[in-house]
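Position 1 is the first residue of the sequence, and the numbers go up from there. None of these values were measured; they are calculated from a predicted model. When a ligand or atom number is given, it counts from 1 through the structure's own listing order. Only this structure's heavy atoms are used, side chains among them; waters, hydrogens and symmetry mates stay out.
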Amino acid sequence: MSTLERKYPYEPEYLQAVREVLESIEDVYNEHPEFEKAKIVERMVEPERILTFRVTWTDDRGEIQTNTGYRVQFNSAIGPYKGGLRFHKAVTPGMLKFLGFEQTFKNALTTLPMGGGKGGSDFDPKGKSDGEIMRFCQAFMLELWRIIGPDTDVPAGDVGVGGREIGYMTGMYKKLAHEYNTGVLTGKGMTWGGSILRPEATGFGALYFTKQVIETAQRDIKGCRIALSGFGNVAWGAAIKATQMGAKVVAVSGPDGVCEIPDGITDEMIKYMLVMRASNRDQVSMMADQFPGKAIFTPGKKAWSVKCDVALPCAFQNELDENDARELIANGTWCCCEVSNMGCRPEAIRAFQEAGVLFAPGKAVNAGGVATSGLEMTQNASHISWTGEEVDGRLHKIMTSIHEACVRYGTREDGTIDYVKGANIAGFMKVATAMLEQGVI
Ligand code: 2IT
């Protein structure tokens, strides 16, 4: 850790993600001298390759804009690089390194053969027109196409990248590569190779996992009040499944504040989340304007100020800090499952664990998204489309197996489960073993 801190002092999220994994695996690592001898940790924390490139495009006023694009090919020990693209103004190489590192362990947990990768750009989609989004995606692909492919590196969406962006990028990829294989990006539209349920999969998988966490602790998700952060793709899928399970979603939030929904989110409101996202306004206050009296907007507040049983961060890394955790605990929250990648600060996780709040980390909870991307790759490679029941059944099985892996590696002496430790050790063992068996490369 001290070597990394010296080498990458300006990459705090990366250091945070690595520290959490190293702390979790310390005991297991020391029981395996062959890992130490092969310098597995030193190799595993370093991305195999990072591509940085310039993205130049023209905005609607005819002005030339320049952004930076990246693809971090983190680890290919168990399969082709796989992971999303993030378009957000705060994107840095350090942020994508943290996400690529997390992705490597998450993908290992899915049981599918996928390595870890992540990419994106500091392009800010907020306020951009559809034409600007398209021209940016095309300019981005003008560089990225050279290093991706269905058996090499398969990008998908993440914050700021949904079905629309995947469409524009796939179109440009085909033009540049003269490759008409549908499997080079996942999260595609349903008529051109996309998998049924991929848009919902991160949220659905997260709720399947959360339900198992809750039931393993002898409680019931039915009737729970759930606070969600964000209103994007992930929060949308989570809201649908939580409602189907009989829970009540009482909050959604955005960068501008929180919308409290005392009677629980309705199907109409869930549908409206899609309109809010497509508007590129990035304001949750739209919900209160559309549903006056039912959704109550408070500017500047987070979802964690709303009284709830279960907190589900669905937006961005480090969106829930120690103060938020303490506020939730004081308000009676007894479960927090991270749906965003590294949604909680380490001090928040510690506060939850000390207070006996059930806590599970993003790399386990949100793995249903990338797992369903893996299922999309399988369908593309065999030129077929599965039914919704088929995909949902497989997603459910995968989330169950991830939960089992967490129980296997994370059960404490008192019988409770440390999901952080369980997920990190399970992911690490798989990647470390694969690296060991493939020699010094
Ligand atoms: O963080 C993630 O797992 C994703 N953004 C989804 C990645 C994928 O390849 O579907």
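With ligand atoms numbered from 1 in the order given, ligand 1 contributes 1 (O), 2 (C), 3 (O) to contacts under 4.0 Å with heavy atoms of K106. Interface of R198 with ligand 1, defined as ligand atoms under 4.0 Å from a residue heavy atom, comprises 6 (C), 8 (C), 10 (O). Annotation for ligand 1: atoms under 4.0 Å from non-hydrogen atoms of A156 are 8 (C), 9 (O), 10 (O). Ligand-side atoms of ligand 1 in range of G157: 4 (C), 5 (N), 6 (C), range being under 4.0 angstrom from any heavy atom. When each atom of ligand 1 is checked for a heavy atom of N341 under 4.0 Å away, the hits are 1 (O).
Heavy atoms from other residues, nucleotides or ligands lying under 6.0 Å from CD of Q244 number more than 12. Within 6.0 Å of CD in E26 there are 12 or fewer heavy atoms belonging to other residues, nucleotides or ligands. Annotation: K128, atom NZ; neighbour count of heavy atoms from other residues, nucleotides and ligands within 6.0 Å is above 12.
Under a cutoff of 6.0 Å and an axis angle of 45°, K97 and Y8 form a cation-pi pair. Annotation: cation-pi geometry not satisfied between R326 and W304 (NZ/CZ under 6.0 angstrom from ring centroid, within 45° of ring axis).
No heavy atom of E102 sits closer than 4.0 Å to any atom of ligand 1. A heavy-atom separation below 4.0 Å is not found between G187 and ligand 1. Contact analysis leaves R86 out of contact with ligand 1, as no non-hydrogen atom separation drops below 4.0 angstrom.
The existence of a salt bridge linking E404 and R408 is excluded, since no basic side-chain nitrogen approaches an acidic carboxylate oxygen closer than 4.0 Å.
Nearest to atom 4 (C) of ligand 1 by heavy-atom distance, out of K118, K82, E376, K363, is K118.
Judged purely by atom type and a 3.5 angstrom limit, K430 uses its side chain to pair as donor or acceptor with the backbone of A108.
At the top of the distance list for atom 5 (N) of ligand 1, counting protein heavy atoms only, stands D158 OD1, 2.9 Å. Nearest to atom 7 (C) of ligand 1 among the protein's heavy atoms is G84 N, 3.5 Å. At the shortest separation from atom 10 (O) of ligand 1 among protein heavy atoms lies S373 OG, 2.5 Å.
Aromatic ring centres of H403 and Y419: separated by under 6.0 Å.
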